[in-house]
Each structure stands twice: as structure tokens, then as C-alpha cells.
Amino acid sequence: MSERRKPYPFDLLEPKWQALWEELSPFHASNPGEPGFDPARPKYYVLDMFPYPSGSGLHVGHPEGYTATDIVARYKRLRGFNVLHPMGWDAFGLPAEQYAIRTGQHPEVTTRENIARFKTQLKRIGFSYDWQREISTADPAYFRWTQWIFLQIYHSWFNPETKRAEPIATYRGDDPDSVRLAYVAEVPVNWCPELGTVLANEEVVDGKSEVGGFPVVRRPMRQWMLRITAFAERLIDELEPLDWPEGIKLLQRNWIGKSEGAEVRFPVAGVADPGSAGDPRMTGDSVPGYNITVFTTRPDTLYGATYMVLAPENPLVDRLTTAEQHPAVDAYKMQVAAKSDLERTDLAKDKSGVFTGAYAINPASGERIPIWIADYVLMGYGTGAIMGVPAHDERDFEFAQTFDLRIREVVAQVPGRVGVPPAGEGVSPSQTSRSCILPKDCFGETPNPAGETPTLPGNLGAFTGEGIAVNSPLIDGLPTAEAKRKITDWLVEKGLGRATINYKLRDWLFSRQRYWGEPFPIIWRDGKHEAVAESELPLVPPPLDDFKPTGTGEPPLARAKEWVRYSEAATRELNTMPQWAGSCWYYLRFCDPGNAGRFVGEEAERYWMNVDLYVGGTEHAVLHLLYARFWQKVLFDLGHLSTTEPFHRLVNQGMILGEDGRKMSKRWGNVIDPLDVIAEYGADAFRCYEMFMGPLEQMKPWSMTGVEGVSRFLARVWRLVMEENQAGEWVLSPTVQEVEPTRAQRKVIHATIKKVSEDIEALSFNTAIAQMMIFVNAFTSPPGSARDSRAVSGDPAGKSLRGSPEVAGESPAPARESRALPGTRSVPVASLRTLLVLLNPFAPHLTSELWETLGAKFPSAPAGITEQPWPEYREEYLVEDEVEIPLQVNGKVRDRVTVPIAATNAELEAIALANERVQEFIAGLTVRKVVVIPKKLVNVVANQ
RNA sequence: GCCGAUGUGGCGAAAUGGCAGACGCAACGGACUUAAAAUCCGUUGGGCUUAACGGCCCGUGCCGGUUCGAGUCCGGCCAUCGGCACCA
């Protein structure tokens with residue numbers, strides 16, 4: 001770090017203001033009913049995704065979003081809003097626990113230290129958080145309510161009639177435990193041996209743990225689940241009106257994965273198995289228990305179903321398999337079970353499977369079709385069974401090819417419709433050979449109505465698009481959508497199926513085998529679970545010396561024998577909640593963090609919710625953001641909250657890359673430490689640079705010279721107000737005077753007010769800063785310089801002459817040694833004050849200091865810059881009497897002329913046609929048309 | 001494979017369908033300085049042309065379209081990044 005002189009004394013003034021903010025808490029927001037609360041003001045809740053306080057401290061990614069929200073928060077305060085802008089800590093988490101395992105240091109200690117470091121660092125950037133609302137998810141005063149919310153979920157069920165969560169008491173069935181929103185199930189889970197815990201689907205990436213990258217295997221275990229699937233439809237529907245990036249909405253929709261289709265029952269054919277011939281159950285064609293139900297999104301292809309496939313784990317498999325096929329089926333099941341998720345995915349390309357020996361009846365065609373098992377059919381989706389329609393499904397096609405199963409076309413492509421290659425294209429010689437492998441009856445008896453080649457589309461495999469039903473007596477000739485409807489109606493009529501919807505979303509695996517998390521407020525008695533009384537909350541984790549996973553899947557809490565024993569007959573639940581639990585509702589607690597009697601006070605919740613602006617990284621698109629919406633809905637349904645969605649407007653900040661354009665990492669040695677930057681350039685420069693880099697949502701590389709540029713800008717602001725005297729002290733510059741701005745200056749001022757206001761609302765901070773740079777350039781450049789006139793007139797070409805100050809009684813700038821340049825003009829105090837307010841959200845320290853300095857000499861304005869009203873611009877100052885417009889001939893600029901703003905179209909046209917340069921270019925041509933856009937341009941269209 | 005985002009000077013980037021490159025960085029030239037740093041002023045997309053003022057042509061990933069006019073709208077490609085990935 002260089003020891004060169006600071007361009008302005010940020011190293012003195014930034015700590016000064018930070019100390020003042022610490023002392024006076026000017027950013028504290030009062031709740032309704034509290035002293036200092038002003039009900040006349042509108043509210044604004046602006047929230048950051050709170051950090052996990054890791055050991056490595058803040059990196060430059062954190063402050064990007066935090067600076068954006070801080071600017072908005074400070075801006076909204078100046079605009080007269082009651083602003084809620086809190087910060088807290090997502091403090092439960094694996095790293096602290098793993099550190100504890102390595103060192104024996106209790107996670108609580110590590111976490112406390114990390115929080116302290118994060119807090120110091122955040123304060124060093126000058127964020128205007130209301131620190132009185134600070135919360136930590138690992139604080140018993142907080143997690144007692146996390147546990148309380150879990151109990152609300154536990155004590156409720158999803159009523160399919162009302163489509164709402166309701167207290168379990170309203171459930172009329174005989175087994176409440178089967179419908180609770182929190183339930184225990186023996187499910188195949190993602191078990192990570194290395195971490196000694198199970199993980200949610202969302203925490204597994206490519207068959208490895210998201211944290212640490214350790215292998216994850218499937219293994220059945222008894223786990224707590226939250227019934228998020230019950231809310232699938234609402235999670236999709238209520239997403240629609242939110243002001244979120246379309247991409248994130250789409251990500252959530254895809255994650256939830258809604259598919260509309262039908263369930264179809266296939267009777268198992270009784271005569272398939274010689275061994276069971278004569279078994280009375282196998283003779284009828286709809287014996288209960290011997291139907292296989294499948295889910296399909298394409299019921300219109302039912303006639304094309306030439307085989308069936310069950311998931312290997314499907315319990316029906318054992319009942320169906322013939323004696324002959326038993327050894328092969330069992331071997332295959334073993335083989336599949338041994339595969340990890342990774343392997344199962346990796347081998348996706350090669351289809352494998354085994355014939356069960358059994359047959360089913362295609363309810364439409366009446367044909368006997370073979371039943372197979374294959375691992376490309378998943379037990380967890382739909383019914384764990386499919387009908388194989390190789391002609392119209394890629395996977396089924398591959399499978400049919402591998403095992404030489406029949407392929408029957410039942411949907412004909414319609415020429416000229418979606419996805420149909422023009423004739424002649426997509427047909428290669430290999431098509432003939434492809435046809436050869438198709439069994440004889442592949443296309444049925446009916447000639448292919450599409451004529452020409454008896455195609456599967458091109459030679460690529462299955463045709464999965466929509467078309468016209470063929471070879472399907474009930475629906476022949478119908479387009480796909482209609483065919484779906486008609487066949488579904490027919491299925492319902494015959495009692496063979498029904499329309500239904502399936503979701504990819506699975507229930508949320510909610511328990512973890514960890515120490516450092518919220519214990520479940522649950523006890524076990526006689527093998528059944530019970531909730532503990534609310535009065536027993538918070539349920540604090542027991543003290544432990546050994547945090548290591550037990551390795552058996554039994555949670556570390558099992559080691560605390562005393563704690564585990566709840567009573568003679570009951571023991572405590574040993575699992576803890578996942579890290580997401582605390583972050584599912586922290587935005588609610590911020591509204592009323594000190595409330596000891598409720599998770600959030602009703603009035604506070606009604607006043608502050610929902611979150612007006614939520615800024616954070618995309619990585620939470622389907623995790624935190626889905627879970628939080630889920631909890632919000634449950635709590636809303638149960639009457640605890642006033643809104644059904646928590647986050648009105650969501651914005652994702654883009655990642656900041658290293659100077660080399662690569663992701664910042666120790667490996668590349670390109671990590672930028674915010675505190676190093678602040679030490680050298682100051683917090684204001686750091687903040688402004690992060691915002692000036694480019695659009696908030698975009699990924700962008702760091703640039704140290706870019707920081708320098710922004711730092712220079714702030715120094716120019718400083719020197720606009722201050723100058724250094726002979727003793728080397730900064731004093732108010734004598735050029736700052738109580739004078740009126742020139743007309744040109746006034747225009748820049750108002751253009752800047754307009755642009756900065758609009759840009760902050762739109763979160764376009766980079767262009768807001770650019771406009772303030774223009775402002776400063778206009779006020780620092782000598783009159784008449786190109787830079788001056790460019791800035792002042794808004795004329796990029798800088799050609800218009802502009803210039804002499806129009807200020808009555810402006811005194812010549814006092815001579816000031818070397819700094820006094822000829823033509824230096826005075827700087828109006830009022831203009832400076834406007835700039836300082838506009839810049840305040842971006843560079844709060846510098847502007848506070850300069851505001852104070854100005855106030856000492858020109859005491860007309862209130863003392864504190866944070867009490868200022870946001871300036872309003874006046875349109876009348878933005879318009880000019882004259883405007884320079886380009887004259888075009890056939891769309892090419894040939895000249896520019898300055899015309900009165902009020903010039904009529906006819907006048908403009910006349911001016912254009914009379915123009916010498918235009919004349920030159922239309923010479924010998926006939927003018928066909930003259931396009932006149934008032935105040936913009938004139939285009940003369942001419943040709944031969 | 002599917003879905004989404006992005007593609008503009010040497011670099012980060014601006015541009016309600018209306019003068020492409022605002023603002024900043026870097027580079028170069030100049031002023032100040034014994035000198036350097038800092039600061040200030042200026043030049044800076046490419047090519048051609050002019051003694052000079054100036055003028056002309058090309059240019060927003062590629063190909064095509066709509067329009068008086070396209071970075072912007074439409075169709076088709078290509079590349080990079082991100083997400084999902086046997087979900088029937």
C-alpha cells in the first residue's frame with residue numbers, strides 16, 4: 001500500500017462520522033406506538049440477505065448488495081419514509097461446527113467472534129443499519145420462535161378443500177400424523193458419510209455435497225419432513241404478481257415443476273404368468289391391486305403405449321415378477337440400489353432394465369404389453385410407473401431400441417407446424433436402416449396418413465411435438481390438445497383414469513444430524529412423537545465436548561444422555577433443524593426483534609410487512625426464497641401474518657470477479673479484501689466504485705484503477721468546496737459564495753436531480769454516479785472549456801457556444817496563488833448543497849462533512865444533511881429555447897442545425913429542405929417524403 | 001439435451017425505434033513543476049481523403065426481415081456464462 005498523500009482526508013472524516021452514527025443512532029426506526037414514531041410518513045422496508053458470519057470475514061461480494069440497499073435506504077429516508085433497514089446473522093451453520101470438531105472450540109464462541117468481526121467491518125463501510133434490531137439465528141431468544149413456528153407447522157395440516165393450512169384439530173380423519181405439515185417418514189435420503197449427515201436435495205450438487213463436495217449416497221432413514229408439496233400450486237400461482245426478475249420466477253416454477261396430464265390404470269394381464277394361471281385373482285381384467293397406475297402428460301399417445309416400466313423400487317414389482325424372471329429382477333434391483341445418485345445420473349445415456357415376465361393390458365388398444373423395470377423411471381415422481389410410448393418420447397425410444405420393443409406412431413406431424421423440418425431436411429440415409437430395426441407392426445395396419453416416408457421424425461428418434469392423432473381409433477384426426485381432452489374424458493367415463501397434476505417438488509427434508517442447529521421441540525414416547533409445551537421453549541442444545549458425527553447416522557446430540565432423557569417414558573428428538581430454518585422468517589423478526597411474547601408483534605408486522613425491496617444473490621433462487629415463501633404461507637393461513645408473500649420486489653446482484661476476470665478465489669490469488677480498499681481509498685470511494693462498476697445485476701470484474709477514478713471524482717467534490725491553505729490545512733474555498741447559479745448551471749442541477757432520483761428508484765446506480773460526475777465537471781471546469789460546455793449544454797459534441805456567467809453581481813474569483821486559474825468562477829452554495837444531498841446516499845461520510853463545513857459559514861440550512869428533504873427538479877429549467885437537431889438524408893446525418901424549440905413541423909421541413917448540405921445530397925433526386933420528429937430530427941427521403 | 005441471461009472502442013460501460021460509444025479507466029499530447037507525483041487542459045472506434053477548415057465510407061457477435069430510420073423490434077444461426085438435467 002502506498003504512503004502517498006490522501007486526495008482528501010477520508011481517513012479522518014470517515015471514522016468521525018461513523019462514531020457519531022454509533023453514538024446518536026440516527027438510523028434507528030421506531031415501531032408504531034413507540035416514541036419518535038411518525039405515522040404520517042409512509043414506510044419502506046429494505047432488506048439484505050443476511051450473511052453467514054464465516055471465519056474469513058467480508059469479501060467484496062457482500063457489500064455490493066449491501067451498498068445498493070443502503071443507498072436506497074438513505075434515499076428513502078431523505079424522501080421522508082420511515083425506513084426499516086436491518087442487519088443480522090445467519091449464525092447456525094456447518095463451518096462453525098466443523099471448526100469445533102477440529103479444534104474443540106465451541107461453535108458458539110467461534111460464531112460470536114465471527115459476528116463481532118463482520119459487524120466491525122460492516123460499520124467501517126458506513127452502512128445505515130438500525131443496529132438496535134440486530135438478530136442472530138443462534139440466539140436462544142431468536143430460535144425459541146423458530147422452534148415455536150415449527151410447532152405451528154407440526155400442529156397443522158393442509159386442508160385440500162380450503163387449500164389452506166389449518167389447525168390439526170379441524171382434521172376429521174383417524175390418523176392426524178399422516179397429514180401433519182411436519183411429519184416423520186422413512187425415506188431414501190441423501191446421506192453424506194463424510195459430513196455424517198443427510199442433506200436436502202437442494203444441498204446436493206452433481207451427487208456431491210454442496211458444502212465440501214463430498215460424495216452423497218441414497219439411503220433410507222427416518223426423517224422429519226415438511227409438507228411443502230401441499231403448497232406447490234400456491235407457490236406457483238402467487239409468484240406471478242411479484243416484482244421479481246423473470247429468470248428467478250422461472251427457476252422457481254421449474255423447480256416446482258408442474259405437469260398437467262392424466263393418470264391411467266393398466267390392468268395386469270392374468271394369463272401372463274404360467275405359474276399363476278388358475279389364480280382367480282388373475283382372471284378378471286380389473287382386479288384391485290393388479291392395476292398399474294401411470295402418470296402421463298400425453299394421454300393422447302395411449303394407443304402408442306407398447307410396454308410399461310416400473311421403477312425398480314416400486315413395491316408392485318415383487319408381486320408382478322414371474323418365478324422365471326425373479327433372479328434377473330432381483331439382481332437388477334440390487335445393482336440399482338448400489339448406484340449412487342452420481343452414477344445413476346452419469347449413466348443416464350445407456351438405458352438399462354429387466355423384463356418382469358408380466359404383461360398388462362393397454363386399456364385403449366386392448367393389447368397385451370410387457371412390463372419391465374428400469375432405473376430411468378423414478379419412484380419419487382408420479383406413480384413410479386410409466387407407459388412406454390417409444391414413438392413419442394425420447395427416453396422410451398432409446399429404451400425400446402435397446403431392448404427391441406415395438407414402436408408405434410400415434411401422432412403425425414403436421415407439415416408447417418411447430419418443430420417440423422421442411423421436406424428433404426433431417427432425412428439421412430440412416431433413416432432406412434433405422435426403419436429396419438422397427439418390428440413389423442410398427443405402424444399398424446393403417447397407412448401413414450402423413451404420406452411420404454413412414455417416418456419417425458427425421459431420423460432423430462421420437463417425435464415429441466404436437467400433431468394429429470393417428471392409429472388411435474377413439475381420437476384419430478384430432479390435434480393433440482383436443483385428443484388429450486377426449487381420451488381423458490373417455491378414461492374417466494370408463495373408470496380407467498382421471499386428469500391430474502404432478503409436481504417435481506418433493507417434501508422438504510427438514511432434519512439434520514448435527515450439533516450446531518435448533519433442536520426439535522419434540523419428544524418420543526412409545527415410538528410416537530409429541531410436541532413439547534410452548535412454555536418449554538427455547539429448547540437449547542445441550543453442552544457437548546465432542547461435536548463429531550457418530551458415523552452411524554445417530555445425531556451427536558445422542559451423546560448428551562441427560563438431556564436426551566425427557567422423562568421416565570420419553571426421550572428427546574435428537575435431530576436438529578437445517579440452516580434454512582432460521583432464515584425462513586428472520587425478515588419477520590426484524591420488524592419487532594425484542595418481542596418476548598410473540599415471534600413478531602401484530603401491529604409491527606402489519607406496519608412493516610411486506611419487504612419492499614430484497615437484494616441478494618441468485619444462489620438462493622430455489623432454496624431460501626422457496627422455503628421462506630412456504631413458511632410465510634403457513635403462518636398466514638394460521639392467522640399469524642397479514643400477507644401471503646414476504647418479498648414484494650426482489651433483485652439479484654451479479655457476482656464480482658477478480659481483476660483477471662476469473663471468479664475470486666485464493667487459488668488464483670485474485671481476492672480483493674474490502675478493508676484494504678477502504679484503507680487506501682476510503683469507504684465512500686469503495687461504495688461508489690462498487691456501484692459505478694456497472695449494472696447491479698450484472699457479473700463484472702473488479703478494477704483497482706476504476707476505484708482510483710471514482711476516488712478522484714470524490715476528491716473533485718471535496719475540492720469544489722475546500723481548498724488547502726498555506727499551512728496545508730483544508731479550509732472552505734473562497735469561491736463558494738451565496739450567488740445564483742447561471743442558467744446553464746441550473747440546467748445541470750435539475751437534470752442531475754431528475755436523473756439521480758429516477759436512477760436510484762431503478763437501481764441504476766452507475767448512471768446516477770455518471771450524472772453527478774457531469775455535474776461536478778460542469779462546476780469545476782473553467783467556463784468555455786470544451787468539458788464545461790459539453791457538460792453544461794448536454795451537447796456531447798461540445799460545439800455549442802456557451803458560457804459567460806449570467807450571474808448578477810458575481811465577483812471575480814479572488815486570486816489564490818497557483819491555484820487561481822484565470823476564469824475561475826464562483827460556486828453557488830445552494831447548488832453545492834443540492835449536490836451533497838444527491839450524493840449523500842452514495843458517499844455519506846464525505847457529504848456529511850462538507851455539509852457541516854458549509855453550514856458553519858452559511859448557516860441558512862438545517863444542521864444535518866440527513867434531515868434534508870430530497871431536492872425536487874423543475875421541468876422548466878430543463879427545457880431550452882433552442883435545440884440542435886440532426887438533418888438526415890435517407891437516414892444519414894448530413895448536417896445539424898439549431899432551431900427554436902417551438903418550430904412547427906412545416907417550419908422544420910422547410911429548414912431541412914433549404915439546407916445547403918441537404919440540397920447537395922438530394923440534388924438530382926426526387927424528394928419522396930420528409931419525416932419530421934419535433935425536437936429530434938428531420939429525415940428527407942429521396943430517390944431517383 | 002432443455003431453460004434463461006449476455007454479446008457495443010484497448011477496458012468497465014451509456015443510449016423512451018431517432019446524432020452509437022454518455023461517464024469512468026487506460027493511452028497519448030500539453031500546462032504547472034528544477035524534477036516527479038498530484039492537479040488542470042486537450043486528443044482518443046476503424047479506414048480513406050484534404051495544405052488546412054473539412055469531407056466521405058465502414059462500424060453494436062453472424063445472416064436475413066420490418067421501418068423514412070434498428071444496438072434497440074421480428075425470424076434464423078454462432079459464442080460465452082448460469083440454472084436444470086432420465087420429472088414420464
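These numbers come from a predicted model, not from an experiment. Throughout, a chain's letter reflects where its sequence line sits, starting with A, and its residues are numbered from 1.
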When you measure from the side chain of [X], which nucleotide among [options] comes out closest?
X: Arg712(A); options: rC3(B), rG24(B), rU39(B); result: rU39(B)
X: Asn254(A); options: rA88(B), rC25(B), rC3(B); result: rC3(B)
X: Val377(A); options: rA88(B), rU39(B), rG24(B); result: rA88(B)
X: Ala770(A); options: rG12(B), rC23(B), rG18(B); result: rC23(B)
X: Tyr376(A); options: rU39(B), rC86(B), rG69(B); result: rC86(B)
X: Lys936(A); options: rG12(B), rG18(B), rC23(B); result: rG18(B)
X: Leu250(A); options: rG18(B), rC3(B), rC23(B); result: rC3(B)
X: Leu378(A); options: rG4(B), rG18(B), rA88(B); result: rA88(B)
X: Arg716(A); options: rA13(B), rA88(B), rC40(B); result: rC40(B)
X: Asn766(A); options: rC84(B), rA13(B), rC68(B); result: rA13(B)

Subject >> Pairing residues for Tyr503(A) by the side-chain hydrogen bond (donor to acceptor under 3.5 Å, both in side chains) criterion, not counting sequence neighbours >> reply: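 Scan of Tyr503(A) (side-chain hydrogen bond (donor to acceptor under 3.5 Å, both in side chains), adjacent residues dropped) gives none.
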Indicate, with a heavy-atom threshold strictly under 4.0 Å, whether [X] touches base, sugar-phosphate, or nothing.
X: Thr705(A); answer: sugar-phosphate
X: Gly382(A); answer: nothing
X: Leu251(A); answer: sugar-phosphate
X: Asn502(A); answer: nothing
X: Arg928(A); answer: nothing
X: Met699(A); answer: sugar-phosphate
X: Thr618(A); answer: nothing
X: Val941(A); answer: sugar-phosphate
X: Ile933(A); answer: base
X: Gln888(A); answer: base

Whole angstroms only, please: what is the [atom1]-[atom2] distance between [X] and [N]?
X: Met691(A); N: rA13(B); atom1: CE; atom2: P; answer: 14 Å
X: Tyr689(A); N: rC23(B); atom1: OH; atom2: C1'; answer: 14 Å
X: Asn652(A); N: rC81(B); atom1: CG; atom2: C1'; answer: 15 Å
X: Phe713(A); N: rU39(B); atom1: CZ; atom2: P; answer: 15 Å
X: Gln698(A); N: rG82(B); atom1: CD; atom2: C1'; answer: 14 Å
X: Glu619(A); N: rC84(B); atom1: CD; atom2: C1'; answer: 17 Å
X: Glu884(A); N: rG18(B); atom1: CD; atom2: C1'; answer: 14 Å
X: Glu659(A); N: rA26(B); atom1: CD; atom2: P; answer: 12 Å

Original post:
rG55(B): syn or anti, with syn meaning chi within 90° of zero?
Top reply: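 Here the answer is anti: the torsion falls beyond 90° from 0.
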**OP:** Let me have a per-nucleotide readout for nucleotides 54-61 of chain B, 5' to 3', with B, S or -, counting only protein heavy atoms under 4.0 Å.
**Re:** -SSSS---
**OP:** Take Asn777(A) and Arg716(A), measure what side chain to side chain donor-acceptor pair (under 3.5 Å) needs, and give me the verdict at the end.
**Re:** CA-CA 9 Å; Asn777(A) 289 344; Arg716(A) 276 163 74 87; 2.6 Å; yes
Original post:
Do Trp372(A) and Phe403(A) pass the ring-ring contact (aromatic ring centres under 6.0 Å, His included) test, and can you show the C-alpha distance, the side-chain angles, and the key distance before you say yes or no?
Top reply: CA-CA 10 Å; Trp372(A) 287 63; Phe403(A) 295 105; 4.7 Å; yes
Original post:
Looking at Arg719(A), does any N or O in its side chain come under 4.0 Å of the phosphate oxygens OP1/OP2 on rC40(B)?
Top reply: yes
May I ask you to test the [X]-[Y] pair for a side-chain heavy-atom distance under 4.5 Å?
X: Thr306(A); Y: Pro390(A); result: yes
X: Pro9(A); Y: Asp11(A); result: yes
X: Met387(A); Y: Tyr307(A); result: no

Would you confirm whether the ring centroid of [Y] sits within less than 6.0 angstrom of the ring centroid of [X]?
X: Phe765(A); Y: Phe692(A); result: no
X: Trp718(A); Y: Phe10(A); result: no
X: Trp730(A); Y: Tyr8(A); result: no

**OP:** Go through the steps for Ile386(A) and Asp393(A) under the test side-chain contact (heavy atoms from CB on, under 4.5 Å), then give the verdict.
**Re:** CA-CA 11 Å; Ile386(A) 62 153; Asp393(A) 181 282; over 6 Å; no
**OP:** Report the stems of RNA chain B as range-with-range entries sorted by first number; a stem here is at least three consecutive pairs, Watson-Crick or G-U wobble, both distances under 3.5 Å, and write none if there are none.
**Re:**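 The stems are B:1-7 with B:78-84, B:10-12 with B:23-25, B:27-31 with B:39-43, B:45-49 with B:54-58, B:61-65 with B:73-77.
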Subject >> Salt-bridge criterion met for Glu64(A) and Lys700(A) (N-O under 4.0 Å) >> reply: yes
Subject >> Integer angstrom distance from the P of rG71(B) to that of rG21(B) >> reply: 12 Å
**OP:** Map Gly694(A) and Ser703(A) onto RNA chain B by nearest heavy atom, then report which one ends up closer to the 5' terminus.
**Re:**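 Taking each residue's closest nucleotide, the earlier one in sequence belongs to Gly694(A).
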**OP:** Give the C-alpha distance, both sets of side-chain angles, the deciding distance and a yes or no for side chain to side chain donor-acceptor pair (under 3.5 Å) between Thr67(A) and Glu690(A).
**Re:** CA-CA 8 Å; Thr67(A) 303; Glu690(A) 288 232 353; 5.0 Å; no
